[in-house]
Amino acid sequence: MDDAYARSIPEVLDFFGVNPTKGLSDSQVAQHARLYGANVLPEERRAPFWKLVLKQFDDLLVKILIAAALISFILALINGETGLMAFLEPSVILMILAANAAVGVITETNAEKALEELRAYQADVATVLRNGCFSILPATEIVPGDIVEISVGCKIPADMRMIEMLSNGVRVDQAILTGESNSVAKELEITTATKAVYQDKTNILFSGTVVVAGRARAIVVGVGHNTAMGSIRDSMMQTEDEVTPLKKKLDEFGTFLAKVIAGICILVWIVNIGHFHDPSHGGSLQGAIHYFKIAVALAVAAIPEGLPAVVTTCLALGTKRMARLNAIVRSLPSVETLGCTTVICSDKTGTLTTNMMSVTKICVVHSAKHSPVVTEYNVSGTTYAPEGIIFDSSGVQLDIPAQLPCLLHTAMCSALCNESTLQYNHDKGKYEKIGESTEVALRVLAEKVGLPGFDSMPSALNMLGKHERASYCNHYWEEQFRKIDMLDFSRDRKMMSVLCSRNQLHVLFCKGAPESIMSRCTTIMCNDDSSIVPLTADIRAELGSRFHSFAGKETLRCLALALKWMPLSQQRLSYDDEKDLTFIGLVGMHDPPRDEVRNAMLSCMTAGIRVIVVTGDNKSTAESLCHKIGAFDHFLEFNEHSYTASEFEELPAMQQTLALQRMALFARVEPSHKRMLVEALQRQNEVVAMTGDGVNDAPALKKADIGIAMGSGTAVAKSASDMVLGDDNFATIVAAVAEGRAIYSNTKQFIRYMISSNIGEVVCIFVAAVLGIPDTLAPVQLLWVNLVTDGLPATAIGFNKPDSDVMKAKPRKVNEAVVTGWLFFRYLVIGAYVGLATIAGFIWWFVYSDGGPKLPYTELMNFDTCPIRQTTYPCSIFDDRHPSTVAMTVLVVVEMFNALNNLSENQSLLVIPPWSNLWLVGSIILTLLLHMLILYVHPLSVLFSVTPLSWDDWLMVLYLSLPVIFIDEVLKLFSRRPIGLRLRLWFWRPDLLPKRELRDK
């Protein structure tokens, strides 16, 4: 029944055909179970394991590598090759791909826990009326139409419509659903609001919420997926995971690279068609196969096989650094997403605030005889910890607050007129509440006031253990006063009273709404001498003025406290006793903002990141918080930047678009509004981070580009998020954004490094094929260079130090290419040199080396005709391993120098020297040692078709490799100078690299 909140109680009972005094019959239960289903959240159908495995290979570059491996395998079989060398290349490629797939499958199987953890918020049992008798049944057996009785501490088992009050009032904590910081009073009346949201449905008890006060009966109107909790589950199931900006850019670049690779491979094969008939191949078909193998080797050279592993490693290193900042990353790609975040949608309760109601102001009558008549006290402390200081109106600390009569009686009333519990949870290391937040705030206030009669108070209290300290003063007053009778809070009286006895003295303590308490008061207690004097019109007006200041300007939740001495014979209370009261004081409390939030907000603004406060609370309360944390500081008029969900929905489409662009506060929202907000911002090409801690935040957390959950939040929110803040500190997000930007910068550097290296390998193979010289590098040698020599330095580049102004720049554009036109030109130049230097080393050994044959260059170009003509040298010289070893070593060493170029995109090595990243220096040394290992250890040298080099060979390797640094220094100089700007504009082409919008419109 979707509109039970708008129906009267008889209408709802008639709809389900139930008698409120007898409940459903057994036959009705069976019928309703068939009609409405079970009260469980159904399990999501998971993707089969084989589909998860196949999904990991759904990438164009991966498919090209698989094709290259299969072709190599087939060609080896056709040529009758046997042994390890014949199948080494395809085996290594397939092992790499299998390892990457395994990582992907493990990540995906661990991702979808949020839907399962929603079940934790379903009640286990419920007290149900059936066949005229109450019984305790499993919550899963409840059906619509059941009459359920609820009381304090009960977890609501299903969505239910209130039908009968069994106490003066019922209050429910529904923060996990709506994010409201205060508990909500429930009532029996029809809800008349149009387009009612969860907060408006005050006659509905929502599944998973908890009763904090009162007792009542209600009729079940929704079970399973037809509950508010079920709608959250459905919303999460409909939400597809967003692909991160870096992943999209890498996919785009991969597609572009695949097209280039295919074009070059075909070109190489076509260019050599004339060589198919060369006698050295033994026939045209064998010639075609030979050059086809070269084309396959070219594909292997062009694709950076180690790129996925290096990207993953760099992101993983970033997560370790972020963990030290108390930001626990659940999804590796989200590390990079933080770097381009443009909007943070922050939940108010528990994220920007402590979600712990705290008393901050106390107002009492100082003296009726002289000014000031009324005085205020400020109370420090923003958590449930009984730690705080009370200051007078001039800011002076009170050493012993309990010596002041009004403060002493305020503490008494707070402790006695109270049904909550404050306790210390040793496992979590923090103080926790049971019951109403406002009542717990009063208990904490009683602890801060302390006890009378001790000169060492309150410092003596700090010597107690935390378990004993939690409610020491409250327990003292409860031992001193025996509770005799109590009148519960009710909506019409708006107050609560308790009758207590101590030393032959009966005292009535009252607390409630200031307007209700003050209207019943005739006298006041003075704070200077504890005298009781009449409450005059002037004093009443002054107290009213302070109350309106607290509730209006400071948006504090206010309670008034009063007492009355009663006859010793009275043992029972009536509503008539709540008159002729003595006013004690007025307390103002709020859910305070975290201390670090204001500076964090300022940092976000400096970094070009907009913060939107999202809350289920009312607009005025939220606006007050925004003023305190600085969310409105940069606005001349904040009205145009603050909206409730209903106000926003009533705006025309064009005005909604404008409102989204300037919005800083979104109040009175429910879960569907949060998800709608994220989607609307994403349609405007914003990169959205959503923070939250409740079940109500889960759908939006999952939909956002990056979902950030609080460490103290619900398991559902954590599982739906990409990152968890271990310290619940909004300021940690700012540090995480800075880290994300640094990681992206380093990611770009090592991607560019690997691309330029692979361009060098492509140029090497392509030029060798065009010149008609022997194969420069064997496929297994290319694999060695790509995986080992490229991988280690590329990973170490991830340790580059971030720029000092990383949080002063605006967020990067989401459609910014990983490699822009000018940079692509730069790395084409570097790659071309790398390839030509490798070819030069190969040719040098044949033509100039003292250890080589010193052949004329024309002989080298005509090597394939050697067997059919007369030569002065043996044809076996072209099978010598020395030239390919020199070429491979040049390729390795020149790439090590190129790695140093990538310490910074534009800064010279004179500004950022190599020792600024010792990890990179160490990886270069380790790479060269590994390379020497395969050169000088016999089994490895045979495996990789290499041979030891002489000292002259190493000198030539150094001569050919070192110039790459000077070339890149010149290119960096152009990038830094105005002439460089003109060159970049000239070389930039919109179609050079793919430029695709982040989202399909």
Side-chain angles (χ1 to χ4, degrees), residues 96 99-100 103 246 250 304-325 327 329 332-333 335-336 338-339 735-736 738-758 760 784-806 818-819 827 830 834 889 891-934 961-962 964-965 968-969 972:
I96 294 165
N100 283 335
V103 172
L246 178 61
L250 290 178
E305 295 92 340
L307 182 59
V310 173
V311 170
T312 302
T313 303
C314 183
L315 294 178
L317 292 172
T319 63
K320 284 190 174 182
R321 290 196 294 269
M322 293 174 77
R324 290 196 289 269
L325 301 173
V329 176
L332 282 183
V335 176
E336 174 274 330
L338 274 170
E739 186 63 37
R741 290 186 175 188
I743 287 170
Y744 179 75
S745 176
N746 292 341
T747 302
K748 285 200 300 183
Q749 289 301 102
F750 72 67
I751 287 174
R752 292 168 187 157
Y753 164 69
M754 296 188 80
I755 290 170
S756 62
S757 298
N758 283 40
W784 169 259
V785 173
N786 280 352
L787 293 176
V788 182
T789 61
D790 282 2
L792 288 175
T795 304
I797 288 171
F799 288 93
N800 285 351
K801 293 181 179 179
D803 295 336
S804 58
D805 60 349
V806 68
V818 176
V819 181
Y827 288 95
I830 296 297
V834 170
T889 305
L891 183 58
V892 168
V893 176
V894 76
E895 288 186 4
M896 295 304 100
F897 284 126
N898 190 29
L900 295 176
N901 289 332
N902 285 274
L903 282 167
S904 173
E905 183 177 314
N906 294 316
Q907 291 297 322
S908 168
L909 279 173
L910 298 176
V911 177
I912 302 180
W915 52 86
S916 65
N917 186 346
L918 294 177
W919 287 99
L920 180 59
V921 175
S923 70
I924 290 173
I925 294 171
L926 179 59
T927 298
L928 292 175
L929 289 175
L930 288 172
H931 185 68
M932 290 181 182
L933 191 68
I934 68 167
S961 303
L962 192 58
V964 75
I965 287 182
D968 198 55
E969 285 292 310
K972 285 181 179 179

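A side chain to side chain contact (heavy atoms under 4.5 Å, CB included) with Ser961 is found for one member of Val893, Val834, Thr889, Leu891 and no other, namely Val893.
Between the CG atom in Leu933 and the OG1 atom in Thr927 there is a gap of 12.5 Å [rounded to 0.5 Å]. Between Ile924 atom CD1 and Asn917 atom CG the span is 9.0 Å, to the nearest 0.5 Å. To the nearest 0.5 Å, atom CZ of residue Phe897 and atom CD1 of residue Ile830 are 13.0 Å apart. To the nearest 0.5 angstrom, Ile912 atom CD1 is 7.0 Å from Leu903 atom CG. Residue Leu900 holds its CG atom at 9.0 Å from OH of Tyr753, rounded to the nearest 0.5 Å.
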Subject >> Verdict with supporting geometry, Leu926 and Ser923, side-chain contact (heavy atoms from CB on, under 4.5 Å) >> reply: CA-CA 5 Å; Leu926 179 59; Ser923 70; 5.6 Å; no
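For Ser916, there are no side chain to side chain donor-acceptor pair (under 3.5 Å) partners at least two apart in sequence or on another chain. Considering only residues two or more places apart in sequence or on other chains, Asp968 meets the side chain to side chain donor-acceptor pair (under 3.5 Å) condition with none of them. With sequence neighbours left out, Ile925 forms a side-chain contact (heavy atoms from CB on, under 4.5 Å) with Val921, Leu929. For Ser756, the side chain to side chain donor-acceptor pair (under 3.5 Å) criterion is met by Asn898, not counting sequence neighbours.
The two atoms that bring Asn901 and Leu909 nearest to each other are OD1-CD1, 4.3 Å, heavy atoms only.
In this structure the side chain of Glu969 reaches within 4.5 angstrom of the side chain of Ile965, judged on heavy atoms. Inter-residue side-chain proximity for Pro793 and Met896 is flagged as met; some heavy-atom pair is nearer than 4.5 Å.
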